[in-house]
Each structure stands twice: as C-alpha cells, then as structure tokens.
Chemist: 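Handing you a structure now.
To find a chain, count down the sequence lines: A is the first, B the second, and so on, and within it residues start at 1. Hydrogens, waters and symmetry mates are skipped; everything else that's a heavy atom, side chains included, is used.
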There are 2 protein chains.
Amino acid sequence: MPQDHGGPALAAFAALLADPTRAVFCSALLDGRAWTAGELARTAGVAPSTASEHLSRLVAGGLLAEERQGRHRYVRLATPAVATLLEDLTAFAEASHGGRPAPRNLREATRRSAEARARTCYDHLAGGLGVAVADALLARGLVTAEAGLAVTERGHAWLAAQSIELPPRAGRPGGRPVVRSCLDWTERRSHLGGALGAVLFRTALDRAWVERIGSGRALRVTPDGGRALRELLGVEL
Amino acid sequence: MPQDHGGPALAAFAALLADPTRAVFCSALLDGRAWTAGELARTAGVAPSTASEHLSRLVAGGLLAEERQGRHRYVRLATPAVATLLEDLTAFAEASHGGRPAPRNLREATRRSAEARARTCYDHLAGGLGVAVADALLARGLVTAEAGLAVTERGHAWLAAQSIELPPRAGRPGGRPVVRSCLDWTERRSHLGGALGAVLFRTALDRAWVERIGSGRALRVTPDGGRALRELLGVEL
DNA sequence: GGGACAGTTCGGCCGGGGCCGAAACGAGCC
DNA sequence: GGCTCGTTTCGGCCCCGGCCGAACTGTCCC
C-alpha cells in the first residue's frame, strides 16, 4: 500500500518546506510571480550559493518551476495546486502557532495596514479588498455557500454581463475548482480563490482597476477601479 | 504582515512532518482512530522513548490531540482539518515523488490488493470501494461536479430516503465542506471525503455494511453490505 | 577581447536534532 | 507491598544538512 510509503514520501516532501530559508522563498513566491535566484537570496538574507542549492532542491521536489533566461534563473511556484497547498499549510501553521506577534515599530505597522487594504495572494485578490469583494459577491447572491462555495445562476449571468469568462476546464473533475475559500492571514476571514478568484484578479488588472505597487504583493486601487467596484458590486473602500 | 512570519511559521510546522518517524505516525493516524504511544513506536520501529518525544512535539504543534487513560497515552489527529491537510500533502508528495515502488513480494502484493478493495481514509471510505461509491453517486446525479463538488437536489432527497442525515453545520461557512474530493493513492482517482463521505462511512459501519479487519485501515464488505450497495447504488464489487 | 555580474560547485565548518539505553515514574493488579 | 508494564526524562553519541567563501562557468555589454 502506498501509505506504507506515504510516511517517507510525506517526510521527504515536508522536509522541503521545513527549512526557514526555503519556507521564506515559497512565501515570497506566493505572490504568483517569477523571482530570480538573487532576489530570493537577498530577501531571505543568505548567500547566493546557498540560495542556489535550495532552489535546486525545491525544483527537484516539484514545488517550483524554473526558467532560464540569459544569466538569470527565474523561478515560480510550479502549479496553482502548490499555491493552494502552501496557503493551507501557512494558514494552519499561523493558526496553531498562536496569534501573530505585534508589529515592532510604526513603519512596519503602516506598511501592514497599507498591504492589508489590497494585496495579492498567489493569483487572486486578498487583504481587505479581497475580503470585501468576496462579501459583496455573497451578499448579492452571485456566489453561494450553501453546499460548499459555488457560483449561482445569477452569478454566471453577472459574469457574462461583465464579459468575464471562466476558463473552460474550471469546475470539471481534475480541473481547478471554480471557487475556493482562502483564509486571509490579515483579516482572519475568507476571500475568493479558485478559478473565479483568479479571473477576477486578472480582469481587475487588465481593466486597470488595480495596479501593483513595487515588487511585492501590494496593490493600489485606481480611481477607475474604485468607481467600478462601487457600481458593479457596491464595494466602498 | 503575517507572511513575513509566514516563512518561519511554515518552516516550523513543516518540520513537524519532515521527520520520517513522525510522518509514519501521522500516516498511521490517518485511519482516524486513537493509537497508544507504544503501538506507534512499534509501527515505526523506534524505541518508546523516541516515540514519546515525537508525540510531545506533534501534540504541542497542534497536529495531534492526546488523551490519557491510566498508564496509556492515546493520541489521534487533532481535527478533520489536520486529516485533510495530511491527505493533500501525501497525495502531492506521492505524485511528485514519481510512481510508487512495486511490491517487493507476493505477500505484500496480495495485501495491497486486499486493502485496495476497501479501506478507510481518516473518516471516510477509500480504495476501490470508495472510488466505486463516488462514481455511483456521480453517475446517478446525486452529486454533481458542475462547479466544485456538491450534493444535488436529488442527492438530498436520496439521503433523506435512506434516513442519512448530514451534520447541521456542514457546508456553512466555517463548517466542514459537504463534499470533498480526496485523491486515492491506490486508485489514482478521487473518492468522497468531507461531511458526506464521513456520514456515509459512519452509516455503513452502523448498518454493518462494512466491518473493520484488524487494526489497520482495511475493511471487509459484509453480505448485507454487498446487497445494500447493489440495490441502493448499483455498485457491483 | 575585457570587464561586470548572475549563478553554480566544492570544501569545510558547525549546530541541531534524532536515536538509544538506563533509570525514574506512575498506574494497574495480585 | 511488590510486581509488571507503559511512558517519560536524561545524557551522550552521531550524522545530516544548512551556511559561507572561494573559485569557476557562462552571459551580457562595451
């Protein structure tokens, strides 16, 4: 039986994430974008040589995918499934680890609140904005939590009216679930992941409703975006 | 932001599972029952003193719950959420680890096939039986995979007709999802987890459709059970 | 070609942590 | 009380693995 091997395989896999440096890498990559080896090394505060070895292990273990461009080694999470797994693990780890420590100084506190307003979580919206959008979709009956999260009839109509298309394989067995609850570390509440969360974020970026700030997960809502959110969903920021 | 701490917290949590012995403990506990420290020590092939230390760490980390009875220390997975997390991790680990090794001898092969027919996965059915039941529910339209897995109108009626009741909080936000796809390591296909999977397994045990073999995850389908499965779901074993 | 720079490989250091056995503890049982 | 047995604590061993710096490779740019 595989579960005889489940022990060792599980241990080997968990060991990939059990190192603080590798965990920081994965956390950073949860912004859904590709990072270079050097960026990750600086972020984690280790020598480039150390980062290189870690990345090789993560790639070999199937957590990361790499792409070489010239003298750069770009690396990103291998699949959305990896992101989901990391989100689940982090949520659990944070929860069982007890409350998170308070910010150490004013600068960190303000940065926290800025990020809390709007940020990304892999490929969808998170932070206060993500939670607000999720609440609005539920309140307007576009998404139901009746028996697991799902898009309602009205929800599909609304998406069509906005010319927002879900990917064809979404929701089919083996495909990505349409809606997934993703616990927000900041808000301690759920925002929307899954194919719906991803396509909403993508749309918001394409239509310039939000734009990235710097190279992290932080987002800014544009004036157009604020208007659209208010009109389409009744979301007031 | 918590994700600054997400790295270290994630690493600390993953480290709990990164040890082969602790991973074997968790794998064994995926049968959903409480084991004593000594049983786990023998299963993993380590000294009782070693097992004791590991268990303390797992309990402190929130993965296991313990209950002392006389001179015994019973431990079990702390919550269904832990089981879900372990299932996801194991499935991913098995998948990315490449194909599982072939059975080493005839005895192991036969044991595999016996277990493959019917076994448990935490608190629901798995193996060939689990997959067959899942397929039958889908084929009869009692469960849909339209937009994530969900119980259909007909499904609810069917459950009521069988006097099978879902727990009241199931499917509500914060509650356990009603239906969850759980990848079967043996069959490489999904069977049903979630509240529905749990209540179906519980019902099957209560009505003596299946019974446990020994102390592992293996199950035997009783004659009554075979009849019930055939009549109610058209499942032929 | 030459210089700058990203990444990799290797050797060596060092600490953490898993393991055991011995001994202590404590519950059940006679 | 005295015995058994499951569990725990402690001390000590040892090895795995993360870290760095130095040297090397390969790419881009001038």
Side-chain angles (χ1 to χ4, degrees), chain A residues 7-29 33-76 93 97 215, chain B residues 7-29 33-76 93 97 215:
Chain A
L10 173 59
F13 183 75
L16 289 176
L17 299 172
D19 175 77
T21 301
R22 286 195 294 268
V24 168
F25 285 5
C26 292
S27 264
L29 289 164
R33 291 187 288 179
W35 292 51
T36 68
E39 287 169 342
L40 289 170
R42 281 188 296 278
T43 299
V46 295
S49 56
T50 304
S52 173
E53 288 168 358
H54 283 312
L55 289 179
S56 295
R57 292 188 58 175
L58 289 170
V59 169
L63 277 174
L64 305 187
E66 72 180 3
E67 195 174 338
R68 311 259 177 168
Q69 278 183 20
R71 51 186 172 183
H72 292 280
R73 177 195 212 177
Y74 283 96
V75 80
R76 54 179 170 74
H97 191 271
S215 66
Chain B
L10 174 59
F13 184 75
L16 290 176
L17 299 172
D19 175 76
T21 301
R22 286 194 294 268
V24 167
F25 285 4
C26 292
S27 264
L29 289 164
R33 293 188 286 180
W35 292 52
T36 69
E39 287 169 341
L40 288 171
R42 280 189 296 278
T43 299
V46 295
S49 56
T50 305
S52 173
E53 288 168 358
H54 283 312
L55 290 179
S56 295
R57 291 189 58 175
L58 289 170
V59 169
L63 277 173
L64 305 188
E66 71 180 3
E67 194 173 340
R68 312 260 175 168
Q69 278 183 20
R71 51 185 172 184
H72 293 281
R73 176 196 212 177
Y74 284 95
V75 298
R76 53 180 171 74
H97 191 271
S215 65

Chemist: Identify whether any heavy atom of S56(A) sits under 4.0 Å from a base atom; if not, whether one sits that close to sugar-phosphate; answer base, sugar-phosphate or nothing.
Modeler: nothing

Chemist: The side chain of S52(B) lies closest to which of these nucleotides: dT9(C), dG17(C), dT8(D)?
Modeler: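 Nearest to the side-chain atoms of S52(B), counting from C-beta on, is dT8(D).
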
Chemist: Would you classify R22(B) as touching base, sugar-phosphate or nothing, given that sugar-phosphate means primed atoms plus P, OP1 and OP2, and contacts are heavy atoms under 4.0 Å?
Modeler: sugar-phosphate

Chemist: Nearest-Å distance, CZ (R71(B)) to C1' (dA24(C))?
Modeler: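 For the pair R71(B) CZ and dA24(C) C1', the rounded distance is 16 Å.
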
Chemist: Check the distance between dA6(C)'s P and E66(A)'s CD and give it to me in whole angstrom.
Modeler: 18 Å

Chemist: Side chain of R73(A) only, heavy atoms from C-beta on: which candidate in dG7(C), dG11(D), dG17(C) is closest?
Modeler: dG7(C)

Chemist: Rounding to a whole Å, what distance do you find between H54(A):NE2 and dC19(D):P?
Modeler: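 To the nearest whole Å, that distance equals 4 Å.
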
Chemist: In whole Å, I'd like the distance from the CD atom of E53(A) to the P atom of dT9(C).
Modeler: 9 Å

Chemist: Rounded to the Å, how far apart are R57(B) CZ and dT9(D) P?
Modeler: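 Value for this atom pair: 15 Å.
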
Chemist: Give the nucleotide from the list dT8(C), dG26(D), dT7(D) with an atom nearest to the side chain of P48(A).
Modeler: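 Of the candidates, dT8(C) comes closest.
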
Chemist: Hey, which of these two, Q69(A) or T50(A), hits DNA chain D nearer its 5' end, going by closest nucleotide?
Modeler: T50(A)

Chemist: Measure from CZ on F25(B) to P on dG18(C) and round the result to the nearest Å.
Modeler: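 Distance check: F25(B) CZ to dG18(C) P gives 12 Å.
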
Chemist: Roughly how many Å is it from CZ in R68(A) to C1' in dT27(D), rounded to a whole number?
Modeler: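 Taking CZ of R68(A) and C1' of dT27(D), I get 13 Å after rounding.
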
Chemist: OG/S49(B) to NE2/H54(B) distance, rounded to the nearest 0.5 angstrom?
Modeler: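 Reported value, rounded in 0.5 Å steps: 9.5 Å.
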
Chemist: Is any side-chain heavy atom of F25(B) less than 4.5 Å from a side-chain heavy atom of T43(B)?
Modeler: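 F25(B) does not reach T43(B) side chain to side chain.
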
Chemist: With a 3.5 Å cut-off and heavy atoms only, can you find an N or O donor on one side and an acceptor on the other between the side chain of S49(B) and the base of dG21(C)?
Modeler: yes

Chemist: Can you check the L55(A) CG to dA6(C) C1' distance for me, whole Å?
Modeler: 13 Å

